[in-house]
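Not measured: the values here are computed from a predicted model. A, B, ... follow the sequence lines: proteins, then strands. Residue 1 opens every chain.
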2 protein chains.
Amino acid sequence: MPTRGQMARYKELRATLAREISAGRYKVGDRFPTDLELSARFRVSRHTVREAVRGLQELGLLSRQAGSGTVVRARSVEPLYTQRVDSLAELAEYAADTRLDRRQEGFVVVRQGLAELMGRPPGERWLRVAGIRRAVQGNFPLCWTEIFLAERYAGMRDRLDDGDVPIFNQVAREYGLDVTAVEQRISAIAMPPYLAEWLGAAPAEPALLVRRSYYSGAGAPFEVSLSVHPGDRYAYTARLTRDRKTENA
Amino acid sequence: MPTRGQMARYKELRATLAREISAGRYKVGDRFPTDLELSARFRVSRHTVREAVRGLQELGLLSRQAGSGTVVRARSVEPLYTQRVDSLAELAEYAADTRLDRRQEGFVVVRQGLAELMGRPPGERWLRVAGIRRAVQGNFPLCWTEIFLAERYAGMRDRLDDGDVPIFNQVAREYGLDVTAVEQRISAIAMPPYLAEWLGAAPAEPALLVRRSYYSGAGAPFEVSLSVHPGDRYAYTARLTRDRKTENA
DNA sequence: CGGCGGGCATTGTCCGGACATTTTGCGCTT
DNA sequence: AAGCGCAAAATGTCCGGACAATGCCCGCCG
């Protein structure tokens with residue numbers, strides 16, 4: 001067959017169907033025509049129809065179910081931005097090259113104030129490990145860190161390594177947990193006086209409080225960490241990129 | 001053909017090839033066998049090979065190039081976390097329900113200090129619009145915002161709407177820009193005295209400084225915004241989720 | 001020696017057909 | 001009327017083949 005215009009048939013068909021969905025010919029929730037119907041209507045093989053539909057599926061416009069049929073899921077694709085954090089350790093930014101200088105350790109029952117900081121209800125019991133994170137180079141203090149580990153994983157206590165591997169990672173590995181989500185919260189606070197000295201910072205100077213909650217499956221996080229960074233030594237940076245099969249039009 | 005074990009051939013093949021890549025039989029950067037070679041080796045049709053390879057491609061293990069061949073791109077899939085920000089306006093959190101109370105406006109040539117805050121070299125000329133962002137409900141001041149617009153797009157100046165739609169969005173729409181990336185930087189500063197009064201905050205109290213740079217294609221951002229949030233009125237929250245086609249094994 | 005052009009290898013597109021698998025629902029049986 | 005089972009419909013998988021489009025390399029020619 002000679003060159004048609006320029007676009008492949010399945011791309012043309014994909015665009016046509018996307019337009020029809022967008023125009024409202026098929027509404028969200030509606031059944032979408034079957035492969036055979038589209039094949040007949042557009043005079044293309046079922047293979048080509050499937051290729052086109054597959055694309056719309058990946059875009060989230062359609063969903064298919066063997067035996068049941070194809071359903072319209074969305075009217076149009078909204079641009080979607082994602083922050084990619086490969087390996088997750090990147091999130092902690094200074095992952096390697098730092099060391100945890102452990103200062104305090106033990107079980108705590110969290111009360112009102114701390115519970116609020118942790119984003120958990122009061123009364124829960126956690127294993128708390130706190131200390132100063134320092135640069136390996138120069139031993140310079142970077143931040144104060146408090147790590148709260150859910151009681152059932154407290155067995156890790158004596159095997160925690162203060163080196164390169166993040167604590168949550170050690171725990172996840174040891175217990176076979178699958179870290180499915182991490183929530184991060186950043187706020188500004190005044191540097192607490194009792195930390196100022198340790199961090200070599202001025203009391204009450206602006207600081208970043210970073211809370212990270214690590215989830216494995218639904219429900220409560222298995223670890224929560226709180227870090228206080230002096231304002232002049234840290235900034236959190238993220239880059240969001242638009243993320244969609246661009247490909248041809 | 002009767003039921004083989006249970007898995008579809010292309011899935012079996014996909015798993016086998018993934019294993020071989022992981023085991024190092026094909027190294028990163030190496031040429032991967034041809035469709036025809038695999039077809040012959042595994043006694044399956046080229047269609048089936050392509051289906052399997054397509055999967056490995058989506059996983060990022062392989063990349064193909066018409067005329068050139070298939071190349072190994074990664075040895076294994078590392079878990080990948082993404083923050084999804086649909087519609088991007090979500091990023092600004094209080095997107096709707098707020099209003100910009102414009103206070104200052106005009107061209108500026110940025111000097112050392114401001115340039116550093118903006119993450120740009122000194123000497124550039126930008127259109128600066130600054131003001132207080134308030135909650136529609138109650139007119140309560142939320143933050144001080146400075147928006148810098150690249151000179152080329154300064155024509156928008158008289159058409160800027162202070163309502164729901166973020167400025168960067170208005171500009172992008174007007175000039176047909178494709179916002180491909182947004183970089184966000186969060187740091188802690190002391191509330192500048194001259195802003196404290198306007199925001200109803202205490203001078204020198206901890207505040208969050210949020211910088212967002214909007215990119216359209218490579219090169220310099222077309223807009224940079226700086227916002228100062230009183231520490232007690234704002235926290236930045238993000239949720240990263242693991243994100244991988246689970247499907248069957 | 002360098003550039004251009006054509007042939008070859010490789011992936012991309014498309015067809016037609018054949019079963020397999022999954023749902024749904026109708027109709028028969030109890 | 002309730003339940004079971006099977007047929008029909010829909011998507012999923014797989015084959016074989018054909019040609020198009022794309023890169024790449026090598027050889028010819030200036």
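To the nearest angstrom, P of C:dC14 lies 11 Å from CE of A:M7. Taking atom CG on A:L13 and atom C1' on C:dC15, their separation rounds to 15 Å, with Å as the unit. If you take CZ of A:R50 and C1' of C:dG16, they are 15 Å apart, rounded to a whole angstrom. Between the NE2 atom of B:H47 and the P atom of C:dA18 there is a distance of 16 Å, rounded to whole Å. Separating the CG atom of A:L38 from the P atom of D:dA9 is a distance of 17 Å, rounded to the nearest angstrom. With rounding to whole Å, B:R43 atom CZ is found 11 Å from D:dG16 atom P.
Looking at B:R54, its side chain has no donor and acceptor atom pair within 3.5 Å of the base of C:dG12.
For B:R41, the side-chain hydrogen bond (donor to acceptor under 3.5 Å, both in side chains) partners at least two apart in sequence or on another chain are B:E20, B:Y26.
You'll find the side chain of A:Q184 stays beyond 4.5 Å of the side chain of A:R211, heavy atoms only.
For CZ of A:R73, the number of neighbouring non-hydrogen atoms (other residues, nucleotides, ligands) closer than 6.0 Å is 12 at most. Annotation for B:R152: atom CZ does not count as buried by contact number, only 12 or fewer foreign heavy atoms lying within 6.0 Å.
Ionic pairing of B:E183 and B:R212 is not present here: no N-O contact between side-chain nitrogen and carboxylate oxygen is shorter than 4.0 angstrom. In summary, A:R54 and B:E51 engage in a salt bridge, as defined by a charged side-chain N under 4.0 Å from a carboxylate O.
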Between the protein and nucleotides 4-10 of chain C, which nitrogen or oxygen pairs are less than 3.5 angstrom apart?
residue: C:dT10; atom: O2; partner: B:G67; partner atom: N; Å: 3.1

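Contact between the side-chain N/O atoms of B:K11 and the OP1/OP2 oxygens of D:dT13 is found at a separation under 4.0 Å.
The side chain of B:V44 lies closest to D:dC15, out of C:dC15, D:dC15, D:dC14.
Of the residues near DNA chain D, B:R46 and B:E51, the one whose nearest nucleotide (by heavy atom distance) lies more toward the 5' end is B:E51.
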